[in-house]
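One structure is given below, encoded as structure tokens.
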Amino acid sequence: MSHIVIVRAFKPGDEMSCKKLIGDGVMSSLNYTFRGMLLKEITFQLIILLSAITFIFFGMPLTICLFVIPIIIVLTYACTYISFATKLMEINAEVANIPRLYMSNAFSCFWVAEAFEPYLTTQDPKEIHYTVMTEEQFYEAKMDVSLQAKKIVGTVGLCKSYRLDRSAWIKRLCVHEQYQRKGIAACLLNTAVQFAIDAGYSCANIVASEYTEGGKELCLKKGFELKQMYHKSILGSYITILMYELTYQIKPNEDDYFPHFEKNLNEF
């Protein structure tokens with residue numbers, strides 16, 4: 001078995017690989033988000049409004065007014081890029097503090113997916129079948145990977161929610177573009193959910209955007225349910241992204257017991 005991927009806990013020395021992987025993952029969706037922004041109704045409204053103002057109030061020829069279109073496109077890209085760059089700065093600060101944020105207590109953890117493959121391989125990872133396993137399964141199989149190259153190709157983290165009682169957040173679920181659709185994201189997600197179950201959380205939540213449909217569909221297949229949808233601001237209320245908050249229910253909500261509690265009270 002020459003090509004395997006092991007999901008293991010984060011350890012010192014993984015920071016730089018995680019930072020690059022997550023950063024590339026964030027920026028890879030920049031163009032998808034930008035194209036989505038261009039197709040939003042507000043973009044067409046701005047083009048029409050500015051063209052009308054230029055034509056009516058400044059008396060510019062129609063051909064000159066059409067230059068509003070590339071201006072709006074450039075501004076939309078700039079706003080989207082700035083938003084992504086700001087988010088990336090926050091993520092880089094978080095990744096630099098993984099040991100403190102995720103590995104310093106029993107209620108949070110961070111994992112990486114590490115690929116092992118021959119040093120001299122010339123095949124594209126997209127064309128290779130990888131056997132994905134947990135660290136425990138790897139040790140049980142007693143495989144020798146000492147002569148293989150290794151590379152971090154996926155990440156995921158879980159931490160306690162400070163907004164919702166007894167709830168956890170699954171964050172930084174990311175898989176290298178060349179290693180996607182091989183079961184790596186599913187294994188990472190399973191590992192995080194199992195940790196939440198073992199830690200005694202009542203539910204685990206994750207957020208996906210309208211431009212990361214693949215992640216949302218994977219979560220739904222794994223038993224997550226859509227909890228709410230909301231719009232995240234990119235440029236005030238003018239440019240927003242639709243976000244999906246999904247939840248994996250581990251224990252029944254306390255609210256589920258209220259009707260029974262009220263029934264018992266009425267019996268007295």
Side-chain angles (χ1 to χ4, degrees), residues 1-30 88 91-159 170-199 204 206 212 214-215 217-219 221-222:
M1 191 179 298
S2 58
H3 297 86
I4 63 173
V5 173
I6 301 169
V7 174
R8 61 166 176 81
F10 173 93
K11 61 184 181 183
D14 293 337
E15 290 90 348
M16 291 303 296
S17 296
C18 291
K19 182 178 179 180
K20 185 178 187 311
L21 177 65
I22 296 173
D24 290 345
V26 170
M27 298 309 290
S28 68
S29 61
L30 171 63
L88 188 58
I91 292 174
N92 287 340
E94 179 183 314
V95 173
N97 287 288
I98 286 177
R100 179 177 62 84
L101 297 175
Y102 290 95
M103 310 301 290
S104 60
N105 60 73
F107 299 100
S108 61
C109 194
F110 199 92
W111 301 267
V112 300
E114 192 167 41
F116 290 83
E117 48 202 1
Y119 278 100
L120 300 179
T121 183
T122 57
Q123 286 182 282
D124 189 327
K126 293 181 179 180
E127 301 173 354
I128 300 173
H129 170 74
Y130 287 82
T131 300
V132 186
M133 61 182 70
T134 63
E135 194 171 22
E136 292 76 13
Q137 292 170 332
F138 170 70
Y139 287 135
E140 290 175 2
K142 298 180 179 179
M143 297 179 181
D144 182 13
V145 294
S146 58
L147 299 179
Q148 290 186 304
K150 57 184 180 179
K151 176 183 180 181
I152 291 178
V153 298
T155 62
V156 72
L158 181 141
C159 61
I170 296 175
K171 305 174 69 177
R172 310 303 165 228
L173 178 59
C174 177
V175 176
H176 192 288
E177 183 181 9
Q178 291 185 309
Y179 294 81
Q180 292 176 3
R181 301 186 182 279
K182 298 182 182 296
I184 299 174
C187 188
L188 287 165
L189 193 59
N190 288 342
T191 300
V193 169
Q194 187 59 53
F195 182 91
I197 294 172
D198 296 339
I206 191 170
T212 55
E217 293 303 318
L218 172 63
C219 292
K221 288 180 181 178
K222 289 296 179 180

Legend entry - Worked verdict on M103 versus S108 for side chain to side chain contact (heavy atoms under 4.5 Å, CB included): CA-CA 6 Å; M103 310 301 290; S108 61; over 6 Å; no

Inset, instruction - Could you give me the CA-CA distance, side-chain angles and deciding distance for I170 and V156, then say whether side chain to side chain contact (heavy atoms under 4.5 Å, CB included) is met? - result: CA-CA 7 Å; I170 296 175; V156 72; 3.6 Å; yes

Legend entry - side chain to side chain contact (heavy atoms under 4.5 Å, CB included) evaluation trace for R8 with D14: CA-CA 11 Å; R8 61 166 176 81; D14 293 337; 2.9 Å; yes

Inset, instruction - Could you check I91 against R172 for side chain to side chain contact (heavy atoms under 4.5 Å, CB included), going step by step and ending with a plain yes or no? - result: CA-CA 9 Å; I91 292 174; R172 310 303 165 228; 3.8 Å; yes

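Other residues, nucleotides and ligands place no more than 12 heavy atoms under 6.0 Å from the CD atom of E177. Remark: M27 CE is packed, more than 12 non-hydrogen atoms of other residues, nucleotides or ligands lying under 6.0 Å away.
Taking CD1 of I98 as the start and OG1 of T155 as the end, the distance is 7.5 Å to the nearest 0.5 Å. Atom CG in L173 sits 10.0 Å away from atom CD1 in I22 (nearest 0.5 Å). Taken from CE in M133 to CD1 in I6, the straight-line distance is 6.5 Å, to the nearest 0.5 Å. For the atom pair SG (C159) and CG (L101), the distance works out to 8.0 Å, reported to the nearest 0.5 Å. How far NZ of K20 is from NE2 of H176: 6.5 Å, rounded to the nearest 0.5 Å. Interatomic distance, H3 NE2 to Y179 OH, rounded to the nearest 0.5 Å: 8.5 Å.
Using modelled atom types, no side-chain atom of D198 and backbone atom of F195 make a donor-acceptor pair closer than 3.5 Å. Looking at S29, its side chain does come within 3.5 Å of a backbone N or O of V26 through a donor-acceptor pair. Side chain of E15 to backbone of G13: a donor-acceptor contact under 3.5 angstrom is found. Looking only at distances, no side-chain donor or acceptor of K150 sits under 3.5 Å from a matching main-chain atom of V145. When atom types are taken as modelled, the side chain of Q180 and the backbone of V175 share a donor-acceptor pair closer than 3.5 angstrom. With K182 contributing its side chain and V132 its backbone, the two residues share no donor-acceptor pair below 3.5 Å.
Contact detail for A115 and Y130: the closest heavy-atom pair is CB-CE2, 4.5 Å. Of all heavy-atom pairs spanning C219 and I206, the tightest one is SG-CG2, 3.7 Å. For the residue pair V5 and A113, the shortest heavy atom distance occurs at CG1-CB, 3.8 Å. Here the shortest heavy-atom pairing between A106 and A199 reads O-CB, 4.5 Å. For I184 against V153, the heavy-atom pair with the smallest separation is CD1-CG2, 4.1 Å. For the pair C187 and V7, the tightest heavy-atom approach, listed with the atom from each and the gap, is SG-CG2, 3.6 Å.
Looking only at side-chain heavy atoms (C-beta outward), T134 and N190 stay at 4.5 Å or farther from each other.
Between F10 and Y102, the ring center distance fails the sub-6.0 Å criterion.
Taking the six-membered ring where tryptophan is involved, the planes of F138 and F116 are essentially parallel, since the angle between them stays under 30° and well short of 60°.
For E117, the salt bridge (charged side-chain N to carboxylate O under 4.0 Å, His left out) criterion is met by no residue, not counting sequence neighbours.
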